[in-house]
Amino acid sequence: MEIDFALLADAATVDASGKLNVLGVFDRIHAQDFPVRHGRVSLVFRFSADVGELGAHDVLIRLSSPAGKEMLRLDGRMELGGGARGVSDGIKVPHVLNLDGIVFPEAGRYAFDISVDGDTLYSLPLVLDEVRGPGPSPRSGSGGPPSPFIFSPGQGAEA
């Protein structure tokens, strides 16, 4: 089994036919102050398996801080079945996990690790940058509209 792609987005869904709909893909968040709370992070990925991998599998999703500290852990179990039309060309299983209100304590490189049956299949980085600069804060209400690249708590989740 493998993960053939993974990404972070502002929003995502899987429709009844298994088609992914994704909005606002990102891999970096800019913030002026830490800790910072991000409104929603949609973790989107797809398992790819072959016929020999049908059955139950343990899944672990882990978010770690720049220092390697576990910040979030989701344990689950996935049952891969062949479906009505067979699995001769393999199985593709899309997933969307909407994670609301994650607090990032500091700037740095975070990682979402996705493991199946004890093996890490994918590590997806997310970089949080601390942005300092001249001029008023986007929250101050003066000096023009906020930058579209700065996330400020209380003003929505921009990436």
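Computation of the quantities below employed the complete heavy-atom set of this structure, encompassing side-chain atoms and omitting hydrogens, waters and symmetry-equivalent molecules.
Side-chain heavy atoms closer than 4.5 Å link hydrophobic residues (I, L, V, M, F, W, Y) into clusters, and following such links, possibly through other members, connects Leu43 to Ile3. Following chains of ILVMFWY side-chain contacts shorter than 4.5 Å, one can reach Val59 starting from Leu124, so the two form part of one hydrophobic cluster. A continuous path of hydrophobic side-chain contacts links Leu8 to Leu72 [ILVMFWY only; heavy atoms under 4.5 Å]. Residue Met71 is grouped with residue Leu128 when hydrophobic side chains (ILVMFWY) are merged at heavy-atom distances under 4.5 angstrom, including chains of intermediate members.
Side-chain atoms of Tyr110 and Pro66, non-hydrogen and from C-beta on, do get closer than 4.5 Å to each other. Looking at heavy atoms from C-beta onward, Leu80 lies in side-chain contact with Val93 at the 4.5 angstrom threshold. With contacts defined as side-chain heavy-atom distances shorter than 4.5 Å, the pair Phe112/Leu99 qualifies. Residues Arg37 and Val103 are in side-chain contact: their nearest non-hydrogen atoms beyond the backbone lie under 4.5 Å apart. Side-chain atoms of Val96 and Asn98, non-hydrogen and from C-beta on, do get closer than 4.5 Å to each other. Side chains of Lys92 and Ser48 form a contact here, defined as non-hydrogen atoms less than 4.5 Å apart. When side chains are defined from C-beta on, Arg62 does not count as touching Thr120, because their heavy atoms never get closer than 4.5 Å.
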| said: Please evaluate residues Val25 and Val44 with respect to the criterion side chain to side chain contact (heavy atoms under 4.5 Å, CB included), reporting the C-alpha separation (whole Å), side-chain torsions for both, the decisive distance (0.1 Å), and the verdict. | reply: CA-CA 10 Å; Val25 175; Val44 180; over 6 Å; no
| field | side chain to side chain contact (heavy atoms under 4.5 Å, CB included) between Val41 and Leu63, worked out | value | CA-CA 12 Å; Val41 174; Leu63 171 62; over 6 Å; no
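Distance alone, capped at 3.5 Å, is enough to place a donor-acceptor pair between the Arg132 side chain and the Gln32 backbone. The closest donor-acceptor contact from the side chain of Asp27 to the backbone of Leu126 lies at 3.5 Å or more, if one exists at all. In this structure, Asp15 contributes its side chain and Ser17 its backbone to a donor-acceptor pair below 3.5 Å. Side-chain N or O atoms of Arg28 include none that pairs as donor or acceptor with a backbone N or O of Val127 at under 3.5 Å.
Closest non-hydrogen pair, Leu97 versus Leu74, comes out as CD1-CD1, 4.2 Å. When all heavy atoms of Ile29 and His38 are compared, the closest pair comes out as CD1-ND1, 3.7 Å.
Put simply, CG on Leu121 and CD on Glu2 are 8.5 Å apart, with the number rounded to the nearest 0.5 Å. To the nearest 0.5 angstrom, Arg109 atom CZ is 12.5 Å from Asp129 atom CG. Atoms CD1 and CD1, on Ile61 and Ile114 in that order, are 4.5 Å from each other to the nearest 0.5 Å. Taking CG of Asp113 as the reference point, atom CZ of Arg73 lies at 11.0 Å (rounded to 0.5 Å). Considering CE of Met1 and CE of Met78, their distance stands at 4.0 Å, rounded to 0.5 Å. Here Ser42 contributes atom OG and Asp10 contributes atom CG; the two are 7.5 Å apart, rounded to the nearest 0.5 Å.
His95 and Phe47 have perpendicular rings, their planes meeting at more than 60° on a 0 to 90° scale where under 30° would count as parallel.
With ring centers used as reference points, Tyr122 lies 6.0 Å or more from Phe45.
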